[in-house]
Number of protein chains: 2
Amino acid sequence: MLIRINTASRHSVDGHLAALAGERVFCSEFKYRGGTEVFGEGEEAEYVYQIISGTVRTYKLLEDGRRQINSFHLPGDMIGLENGATHRFTADAVVETKVSITRRCSLLEVIAHRKAGTRNLLGLVTRNLQHAENHVLLLGRKTALERVAAFLLEMDERQEHPNVMILSMSRRDIADYLGLTLETVSRALSILRDEGFMKFLGTTQRQLVLLDRIGLAQLDT
Amino acid sequence: MLIRINTASRHSVDGHLAALAGERVFCSEFKYRGGTEVFGEGEEAEYVYQIISGTVRTYKLLEDGRRQINSFHLPGDMIGLENGATHRFTADAVVETKVSITRRCSLLEVIAHRKAGTRNLLGLVTRNLQHAENHVLLLGRKTALERVAAFLLEMDERQEHPNVMILSMSRRDIADYLGLTLETVSRALSILRDEGFMKFLGTTQRQLVLLDRIGLAQLDT
DNA sequence: CGTCGCGTTGACAAGGTTCAAATTTGGTGG
DNA sequence: CCACCAAATTTGAACCTTGTCAACGCGACG
């Protein structure tokens, strides 16, 4: 069990929750070290979270340890809003991550009183739905190379096409996201590097530069 | 383009849309033959549909023809409610299917005026989200046999555990739902039959009886 | 009675996994 | 600043599950 520290400070990311909640909602900030759990599958969904900085992975586990990562959440994303009383998956910080926390009941209360909120809230949920639908297509019908190309393009887009892309997650995380093994991910990345679609920066394997976004998009199909 | 016939008759399935929309909403009924399209990916999302009888598959296609079925929709299910202006996937009738049609704008109008509607509408969307999340786990991390076992259990549950389960979809449909080939599905079903988990009824391959639901659930993991 | 769609089964190929080892990287303490 | 160690990543080789291609059976329907 974590102790949540309430801070009155406003954060720099003026995201959806803040917009929805306005000033009236109790809203605190919290920091997680890399590898620590934000919430667990089956736990009571008391809080709703919005990423300020860092990366969160949400995933489900099978009994024998197989893990499927549903999504990586970057700054601005909201997680933890459930329809039922409990979380449907586990979320933990990939690297050091700051989040903004709102009580679920506070959020729903505000929405109930503001008609305008309905549309936005629905939008937050359907965004997750859309992502899941695209991921189903990727997992069901794409090859390893297509999946890795799609992953790079997704991260590139969500980081707003930076010159240098920084991957905060390990090869295993990527593999569990793409329904592959870490070795297959590594091989696919090597192929993409050798074929000139991208290159690693210096000696690191977590910073890279996309050299041919159009080519990657064609690979993705 | 289809001509939609407005009928004032109430249908037997008293589903969510009817409950949400009440009596004030223009609500018509329509019948599709098996194999015909209900709506297409990218089309304007003018109507929201609820299945009265039959089965609808929703899917996406890749350029080279690979198909991933997102979901099979049975009586009571709602489809076609999008956040944006267009449908994110194609939907077509698997067998002869009756649907109840409501104008999207009528539905949203009613919801906007009734606070109680928000919760229900959110529920309709999060149900789809939950299904997609479970499907991501299946596609990303389960073996062929586990997938087919999970499929049988899903259909069994959604048909409310009938003695005789009727599959309205072909092996190819099942395969495109489970991210497999039709041959692999056929082989998996043969294994499940040979091992006594289920049997086909008579000489048919679309009617079957589950003999060991607990065993199937263990297979599914 | 022939044809067509659907399903099953077999043989083989291939993409991805598994197991193993080499290499690199990043962190820690001297 | 450097040596050392643990963790992460890459690479290789054998293996295995699933896909591909093909043949065959069965029932529906003209």
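Predicted model, so just to flag it, every value in this text is computed and none were measured. The figures here come from the full heavy-atom set of this structure, side chains too, leaving out hydrogens, waters and symmetry mates. We name chains A, B, ... by the order of the sequence lines, and we start the count at 1 in each one.
Contact check on B:E146 versus A:R66 returns a salt bridge, with a Lys/Arg side-chain nitrogen under 4.0 Å from an Asp/Glu carboxylate oxygen. Salt bridge B:D220/B:K142: present, at least one basic N to carboxylate O contact under 4.0 Å.
Counting to the nearest Å, the C1' atom of D:dG19 and the CZ atom of B:R66 are 13 Å from each other. If you measure from atom CZ of B:R141 to atom P of D:dT17, you get 16 Å, rounded to the nearest angstrom. Rounded to whole Å, the distance from NZ on A:K142 to C1' on C:dG15 is 18 Å. Per the geometry, CG belonging to A:L180 stands 15 Å off P belonging to D:dT18, to the nearest Å. Atom P of nucleotide D:dT9 and atom CG of A:L208 are separated by 12 Å, given to the nearest angstrom. Atom CG in A:L145 sits about 17 Å away from atom C1' in C:dT17, given to the nearest Å. Between the CG atom of A:D176 and the P atom of D:dA8 there is a distance of 13 Å, given to the nearest Å. Atom CG in B:L139 sits about 13 Å away from atom P in D:dT18, given to the nearest Å.
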In 5'-to-3' order, the base (B), backbone-only (S) or no-contact (-) status of each nucleotide in nucleotides 7-12 of chain C, using a 4.0 angstrom heavy-atom cut-off, is SBBBB-
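Looking only at atom types and distance, the side chain of B:H135 has no donor-acceptor partner in the side chain of B:Q130 under 3.5 Å away. Looking at B:T55 and B:H73, their side chains never bring a donor and an acceptor atom within 3.5 Å of each other. Remark: the B:R33 side chain and the B:T36 side chain contain no N/O donor-acceptor pair separated by less than 3.5 Å.
Stacking of A:R67 on the aromatic ring of A:Y59 is recorded, both the 6.0 Å distance cut-off and the 45° axial limit being met.
Among the heavy atoms of the strands lying under 4.0 Å from B:G179 are primed sugar atoms or P, OP1, OP2 only; no base atom is included.
A close approach under 4.0 Å does occur between a side-chain nitrogen or oxygen of B:T203 and OP1 or OP2 of D:dG27.
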